Structure formats: structure tokens, C-alpha cells
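Reviewing the structure listed below.
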Amino acid sequence: MQIVFLGLPGAGKGTQATSITEEFRIPHIATGDMFRAARAAGTPLGEEVKGYLDAGRLVPDELTIRVVEDRLMKEDCKGGFLLDGFPRTVPQATALDDVLSGLGKPVTHVLYLNVSPSELLARITGRRVCPSCGASYHLSFHPPTQAGICDRCGAELIQRSDDTPDAVAVRIEENLKRTQVLVERYRERGVLTQIDGEQPIDTVYSQIRDTLRGNVR
Ligand code: AP5
Ligand code: MG
């Protein structure tokens with residue numbers, strides 16, 4: 001399975017990706033997580049991207065494409081992968097087609113989590129994430145069992161530095177039209193499944209599971 005997750009910031013991609021990768025045993029490749037890890041480690045990539053991340057703007061295509069191409073060449077991607085947050089632009093989608101056709105592995109499923117923009121701000125400003133394993137929580141909609149502590153690995157939860165109302169507004173604006181263009185691109189190819197992302201987390205996941213098991217398209 002070569003899966004692409006589409007959805008606006010806060011649509012629930014990361015939340016659902018955690019369950020998908022656990023059940024289907026494929027790597028979760030999230031460009032946002034990779035950029036944040038590089039910034040936290042102070043690598044040259046981290047230095048290059050930090051200004052974009054904090055402002056909520058997209059990192060330039062050339063750089064983003066290079067990072068994903070390198071990652072897709074790794075051994076663990078041979079049996080499939082889940083891309084979360086890539087592609088976000090037409091040049092990124094075209095580059096993905098090129099690299100996957102070279103590997104003889106086309107995109108098999110595109111999951112589009114549809115959530116209205118008005119819902120996203122509340123989701124993102126209440127989000128808390130695990131800096132260690134990447135799990136995502138929400139103070140009201142999806143709280144951890146023990147306040148401030150990750151259920152999966154016990155690390156202390158943090159708030160992402162780009163989860164401020166100003167950066168969130170820029171992120172939604174940056175992605176609104178671009179996501180729609182990609183939705184149409186993959187719909188025309190017959191690989192898109194649109195899922196109502198405003199349903200409870202478990203309901204969304206059971207629809208994703210049905211799709212990936214081939215029970216629905
Ligand atoms: P990235 O990390 O990808 O952020 P994003 O797209 O803004 O998406 P989020 O991670 O905010 O949302 P999500 O859909 O994962 O939601 P989550 O599951 O956490 O990118 C960050 C930055 O990196 C970008 O701004 C850009 O600078 C750069 N970047 C990354 N990729 C790039 C690319 N390809 N090109 C260029 N630049 C790139 O859920 C959100 C909250 O809602 C959580 O609190 C969760 O608990 C809650 N929630 C989830 N599902 C539900 C539900 N069903 N009901 C109620 N609450 C829910
Ligand atoms: Mg995410």
C-alpha cells in the first residue's frame with residue numbers, strides 16, 4: 001500500500017496515521033514531523049526550514065521534494081508507506097509520481113479527510129503533542145488518560161510552536177486551494193476516498209480501515 005493523506009491543517013491526519021501504521025505496519029512519513037525533528041536537532045535542514053515553520057508558510061518545493069525522495073529510498077518503504085503532509089503542491093505531486101513510477105509502485109490510496117475550516121482553529125489551538133513518539137491529543141476532544149502525559153510512551157506533552165492563532169490562519173490559507181487541486185487530481189485517477197473528518201476519531205478510523213482493507217472505495 002502506497003497511501004497519501006490529504007487534509008487541511010488539523011484535519012486529523014497525524015491522529016489517524018498513528019492507528020494506520022500500527023495496524024498495517026507501514027512507515028509514517030510526515031514532512032512536518034521530519035522538519036520539526038531537524039529543527040530540534042539543529043541540523044542544516046532545520047536551520048533552513050525553521051522560519052517557514054514558525055510563520056506557517058510552506059517550505060520551498062525543491063527542498064521538500066529532496067527530503068521525501070531520500071526518505072522513500074529507505075529500506076523500510078519497500079513494503080509500502082503512508083505519506084502525511086506530502087504532496088501539498090502540484091510540483092510535489094508530479095515529483096512523487098516520477099519517483100514512484102521509477103520504483104514501480106504507484107499511489108494506491110489517497111485518503112482525504114474533509115473538515116470545515118471553522119472547526120480547525122479549535123482543534124489546533126487545543127492540541128498537545130508528544131515530542132517523543134509524535135502522538136497527537138486534544139485538551140477536550142481527545143485528552144490523554146493522565147493530563148500532560150503521553151498514553152503511548154509516557155513522555156511529557158508539549159504544544160507545537162506553530163499552533164498559534166496567527167500561524168494557524170496562514171497555514172489554512174496556504175493549503176486551502178492547493179489541497180482542493182490535489183483532491184481533484186487524485187479523484188480523476190480513481191484512487192481518492194473522501195472521509196468526513198468531523199465524525200468521532202474512532203468512526204473516522206473504521207472508515208479508513210474499511211477502505212484500506214478493500215471493503216469500500
Ligand atoms: P504539518 O506538521 O504537516 O502540519 P499541518 O498540515 O498544519 O497539519 P497538522 O499536523 O496541524 O494537522 P493534522 O491533520 O495532522 O491534525 P492532528 O491529527 O494533529 O506541517 C507543518 C509545517 O511544515 C507546515 O506549515 C509547513 O511549514 C511545513 N511542511 C510540511 N509539509 C510540507 C510540504 N509538503 N510542503 C511544504 N511545507 C511543508 O489533529 C489536530 C487536533 O485535532 C488534535 O488535537 C487532535 O486530537 C484533534 N482531532 C483529530 N481528529 C479529531 C476528530 N475526529 N474529532 C475531534 N478532534 C480531532
Ligand atoms: Mg500532523
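Whatever order the structure lists ligands and atoms in, that order sets their numbers, starting from 1. When a residue number appears, it is its place in the shown sequence, counting from 1. Remember, it's a predicted structure, so these values are computed and weren't measured experimentally.
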Atom indices of ligand 1 within 4.0 angstrom of [X] heavy atoms, with elements:
X: G197; result: 53 (N)
X: H142; result: 46 (O)
X: T64; result: 33 (C), 34 (N), 35 (N), 36 (C)
X: L53; result: 22 (C), 23 (O), 27 (O), 28 (C)
X: S136; result: 17 (P), 19 (O), 43 (C)

Using a heavy-atom cut-off of under 4.0 Å, does the side chain or the backbone of [X] touch ligand 1, or both, or neither?
X: T15; value: both
X: Q16; value: neither
X: R57; value: backbone

Practice problem: State the CZ-CG distance between R36 and D162, to the nearest 0.5 angstrom. | Solution: 6.0 Å
At the 4.0 Å heavy-atom cut-off, does [X] count as touching ligand 1?
X: G126; result: no
X: R128; result: no
X: E174; result: no

Could you find the nearest protein heavy atom to [atom] and give me its residue, atom name and distance?
atom: atom 4 (O) of ligand 1; result: R160 NH2, 3.2 Å
atom: atom 7 (O) of ligand 1; result: R171 NH2, 2.9 Å
atom: atom 3 (O) of ligand 1; result: R88 NH2, 2.5 Å
atom: atom 16 (O) of ligand 1; result: G12 N, 3.3 Å
atom: atom 43 (C) of ligand 1; result: Y137 O, 3.6 Å
atom: atom 35 (N) of ligand 1; result: Q92 NE2, 2.9 Å
atom: atom 8 (O) of ligand 1; result: K13 NZ, 3.2 Å
atom: atom 15 (O) of ligand 1; result: G14 N, 2.9 Å

Practice problem: Verify the neighbour count for atom CZ of R160: are there more than 12 heavy atoms of other residues, nucleotides or ligands below 6.0 Å? | Solution: yes
Quiz prompt | Heavy-atom closest pair, residues D163 and T125 | solution = O-CG2, 4.1 Å
Quiz item: Which heavy-atom pair separates L8 from P117 by the least distance, and what is that distance?
Solution: CD1-CG, 4.3 Å
Quiz item: Does a side-chain N-to-carboxylate-O contact under 4.0 Å join R66 and E69?
Solution: no
Quiz item: To which of R127, E119, K50, R36 does the heavy atom nearest atom 2 (O) of ligand 1 belong?
Solution: R36
Quiz item: Do T18 and R152 have a side chain donor and acceptor closer than 3.5 Å?
Solution: no
